[in-house]
Amino acid sequence: MKHHIRQLIAEALEQARSAGDLQYDSELDIVVEKPKNEGQGDFSTTVALILAKSQKKNPRAVAESIRKYLPSGNSEVASVEIAGPGFINFTMTREFFLSRLKDIPRQGDRFGNVNVGKNEKVLLEFVSANPTGPLHIGHGRGAAVGHSLSLLLKRAGFAVETEYYVNDVGNQMNNLGRSTWLRYRELLGEAIEFPDDLYRGEYVKGTAQEIIDEKGKEFLGKSEEEVLPFFRKFASDSILNGIREDLNVFGVTFDRWFSEGSLYEGDRVAKAVDWLKDKGYVYEKDGAVWLRSSDFEDEKDRVLVKQTGERTYFCSDIAYHKDKVDRGFSKIIDLWGADHHGYVPRMQAVLEAMGYSKDVFKVLLVQFVTLVRGKEKVSMSTRSGEFITLAEVLQEVGVDAARYFFLMRSSDTHLDFDLELAKEEAPENPVFYIQYAHARICSIFRNAGESGLTVPGPEEVDLSVIEEADAFSLIQKMLALPEVIEKSALAFEVHRVPHFLHDLVSEFHSYYAKHRVVSEDRSLSLARMFLLNCVKTTIANGLSIMGVSAPDKM
RNA sequence: GCGCCUGUAGCUCAGCUGGAUAGAGCGACGGACUUCUAAUCCGUAGGUCGCAGGUUCGAGUCCUGCCAGGCGCACCA
């Protein structure tokens, strides 16, 4: 919608320039926005204010020379006015909004989609929690944000693929196997002193019990070397399955589960290192192999191969990201927990060392989640292995509330997740507030159906009977969805979607309270049903980005 | 000590690439159900946008310094 206005302005500017009224050469960024206050029109632009300086004229005069070339008094633009220091305000006709409103049912569940992505291949990696324990609440936020971001980017026209990187090699896997082995023996009656540096969580006992159930005591008496491969594999498989299950329940799926171990097949890790070596970014020192990451923005060089000959995690991560690039993605997005932010510069350095421009690779950091119950903080201590799992939260508050709460704040602020509020089926709970609007509209339609009324199609409906100002405000709000999707996708900011929905729904509830939809006036009833059907579609599309259901009945 | 994120109403947070009079929810207070779902609506109160400078026609938004909180600063993953 704003694009349309922007187009009008661009044309007027061009005419003003060729007529010699204005001189400028650079591409102008034309900002169109919706004025906050009554009486300032439906759209407004600041181009005149921005141009004024280079024109060495006062902004109002610049505005006037633009306005000369702007259409007005036609079927779309009712009037164009200059206000304040030099704003150009557009007032649109009702027909303009009503005809655009009809696009909503025509587009249905595609309404809101845009094509700023131009089908660009994007790889979005998120969660990627190590298979050494169940997903906790922090992973939940990453999962919700990542998955919704992928849905958002798709709606914005990007060709997105999602991926979970499974860190299934390395010392941590041995530790997990060892932990399980110890618990196994403990459960079978042995007295065990459990070391601090192993995984102490309860779930390890669960895994050990599974082994007992399946295999009985057959490992007892054997050496650790003998049994470790089995325990390691069994435990990580079991945990990874659990993670998959939790994510399924949460409605989060991935296009690909990428195994770190698979990088070692065919020596892909070594090849990636060699490749960087050829470019002169790798050297040996103190018996270790280093990447000269300080040539880029990293503060120091990083070890790729330890003195022991083992490769670091960073090393396989290089191979992994090289693989991503090799697969033809022109945009690579990683979603990490904020505690990994120190890792960003070195990964950035890798991509640059590989010769890619900085904006190919983007790390999005998701800040921590604090669980609260009303006023009380729910304490979590990772050290003891006692943390709140995602599964527990889902059990308590449900998928919809959890997804909404994870998404409603900007990812780079800490999130207070109020369990008490999330599970409340009350107006204070924003998820229910929005879902209720959808259900309410469905309910109105059911009711109208009893009077023989069904929602009319865009070709048959007569919208001229809609005159209320708040209906037009509602319409403008709905028609903003494409812009919301475009902007939040380009900024990678999913939280704008729930904010948009909350605003929209609030206008709907208010409209509902003031105007009766189904009345004796048949054509007015039909027109309003059409309007509400558009609201319903807009809500449903917004909720679908968040992975929150849009119920017909509550 | 260095780096990243954050500081906006009592609480939790929006504020889109700087734009017209800083917004919402919760909480508080006061109203509205014989009427399509009151899981809703309407109204009132509540702010030196952490502090101090700077940039400019204009700053919550950009720059510098300081203060406070969170998180990092491994030949761990």
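Proteins get letters first, then strands, A, B, ... in listed order; numbering begins at 1 in each.
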Is [X] touching bases, backbone alone, or none of the nucleic acid, heavy atoms closer than 4.0 Å?
X        : answer
A/Ser488 : nothing
A/Gln307 : base
A/Ala338 : sugar-phosphate
A/Phe445 : nothing
A/Asp286 : base
A/Ala491 : nothing
A/Val31  : base
A/Asn89  : base

If you measure from the Lys or Arg side-chain nitrogens to the Asp or Glu carboxylate oxygens, is any gap between [X] and [Y] under 4.0 Å?
X        : Y        : answer
A/Glu163 : A/Lys324 : no
A/Lys34  : A/Asp42  : no
A/Lys477 : A/Asp503 : yes

Using the [atom1] atom as the reference point in each nucleotide, state the distance between [N] and [M] in Å, no decimals.
N      : M      : atom1 : answer
B/rU64 : B/rU55 : P     : 15 Å
B/rU8  : B/rA14 : P     : 10 Å
B/rA39 : B/rG25 : C1'   : 15 Å
B/rA59 : B/rG54 : P     : 12 Å
B/rG60 : B/rC2  : C1'   : 28 Å
B/rU21 : B/rG7  : P     : 24 Å
B/rG65 : B/rG1  : P     : 15 Å
B/rG23 : B/rC16 : P     : 14 Å

Of all the choices, [options], which nucleotide is nearest to the side chain of [X] once you look at every atom?
X        : options                : result
A/His499 : B/rC13, B/rC71, B/rA20 : B/rC13
A/Gln40  : B/rA20, B/rC5, B/rC75  : B/rA20
A/His340 : B/rC73, B/rC75, B/rA77 : B/rA77
A/Ser443 : B/rC36, B/rC71, B/rA24 : B/rC36
A/Thr312 : B/rA20, B/rC75, B/rG69 : B/rC75
A/Gln172 : B/rA77, B/rG72, B/rA20 : B/rA77
A/Glu33  : B/rA14, B/rC16, B/rC36 : B/rC16
A/Thr46  : B/rG19, B/rA77, B/rA20 : B/rG19
A/Glu260 : B/rU6, B/rC75, B/rA77  : B/rA77
A/Lys300 : B/rC75, B/rA77, B/rC13 : B/rC75

(message) With syn defined as a glycosidic angle within 90° of 0 and anti as the rest, where does B/rC71 land?
(response) anti

(request) Would you check if A/Val517 and A/Ser525 make a side-chain contact, meaning some heavy-atom pair closer than 4.5 Å? (result)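 Contact flag for A/Val517/A/Ser525 side chains = no.
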
So, is [X] near the phosphate of [N], with a side-chain N or O under 4.0 Å from OP1 or OP2?
X        : N      : answer
A/Lys306 : B/rC76 : yes
A/Tyr404 : B/rG25 : no
A/Ser411 : B/rC5  : no
A/Arg409 : B/rU6  : no

(request) Answer yes if the side chains of A/Glu33 and A/Ser44 hold a donor-acceptor pair under 3.5 Å, and no otherwise. (result)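 A/Ser44 and A/Glu33 do not have a side-chain donor-acceptor pair below 3.5 Å.
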
(message) For a quick check under 3.5 Å, do A/Ser549 and A/Asp400 share a side-chain donor-acceptor pair by atom type?
(response)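 Yes, A/Asp400 and A/Ser549 have a side-chain donor paired with an acceptor closer than 3.5 Å.
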
(message) Both A/Arg6 and A/Pro59 contact RNA chain B. Taking the nearest nucleotide for each, which residue is further toward the 5' end?
(response) A/Arg6

(message) Both A/Asn167 and A/Met554 contact RNA chain B. Which one's nearest nucleotide lies toward the 5' end?
(response)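 Taking each residue's closest nucleotide, the earlier one in sequence belongs to A/Met554.
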
Whole-Å gap separating [atom2] ([N]) and [atom1] ([X]):
X        : N      : atom1 : atom2 : answer
A/Leu421 : B/rG27 : CG    : C1'   : 12 Å
A/Glu310 : B/rA74 : CD    : P     : 18 Å
A/Phe417 : B/rG25 : CZ    : P     : 21 Å
A/Asn171 : B/rC75 : CG    : C1'   : 13 Å
A/His414 : B/rC13 : NE2   : P     : 9 Å
A/Phe432 : B/rC41 : CZ    : C1'   : 20 Å
A/Lys536 : B/rC36 : NZ    : P     : 20 Å

(request) For A/Arg446, look at atom CZ and say whether over 12 heavy atoms of other residues, nucleotides or ligands are found less than 6.0 Å away. (result)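 Counting other residues, nucleotides and ligands, CZ of A/Arg446 exceeds 12 neighbours.
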
(message) Can you confirm whether more than 12 heavy atoms, excluding those of A/Lys362, are under 6.0 Å from its NZ atom?
(response)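 It does not: A/Lys362 NZ has 12 such atoms or fewer within range.
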
(request) Could you tell me whether A/Arg178 sits above the aromatic face of A/Phe231, with NZ or CZ closer than 6.0 angstrom to the six-membered ring centre and within 45 degrees of the axis? (result)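 No cation-pi geometry.
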
(request) Please say which of A/Asn167, A/Asn130, A/Thr132 ends up in a side-chain hydrogen bond (donor to acceptor under 3.5 Å, both in side chains) with A/Gln172. (result) A/Asn130

(request) Answer with yes or no after comparing the ring centroid distance for A/His502 and A/His499 against a 6.0 Å cut-off, counting only values under it. (result) no

(message) Ring centres under 6.0 Å, that's the criterion: do A/Tyr164 and A/Phe258 meet it?
(response)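 Between A/Phe258 and A/Tyr164, which both carry aromatic rings, the centre distance is not below 6.0 Å.
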
(message) Is there a salt bridge (Lys or Arg N to Asp or Glu O under 4.0 Å) between A/Lys277 and A/Glu284? Walk through the geometry before answering.
(response) CA-CA 10 Å; A/Lys277 193 178 279 173; A/Glu284 281 187 43; 5.2 Å; no

(message) Would you say the base of B/rG19 stacks on A/Phe87 (centre-to-centre below 5.5 Å, plane angle below 30°)?
(response) no

(message) Can you list every stem that RNA chain B is part of, counting only runs of 3 or more consecutive Watson-Crick or G-U wobble pairs with both distances under 3.5 Å?
(response)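 As far as RNA chain B goes, consecutive pairing (with distances under 3.5 Å) yields the stems B:1-7 with B:67-73, B:10-13 with B:23-26, B:28-32 with B:40-44, B:50-54 with B:62-66.
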
(message) At less than 3.5 Å, do the side-chain atoms of A/Asp339 and the base atoms of B/rA77 form a donor-acceptor pair?
(response)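 Result: no qualifying N/O pair found.
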
(message) Near RNA chain B, counting only heavy atoms under 4.0 Å, which residues of residues 509-522 of chain A show up?
(response)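 Contacting residues: A/His509, A/Ser510, A/Tyr512, A/Ala513, A/His515, A/Arg516, A/Val517, A/Val518.
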
(request) Pick out which of A/Arg528, A/Arg516, A/Lys514 makes a salt bridge (charged side-chain N to carboxylate O under 4.0 Å, His left out) with A/Glu468. (result)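 In the set A/Arg528, A/Arg516, A/Lys514, the residue that makes a salt bridge (charged side-chain N to carboxylate O under 4.0 Å, His left out) with A/Glu468 is A/Arg528.
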
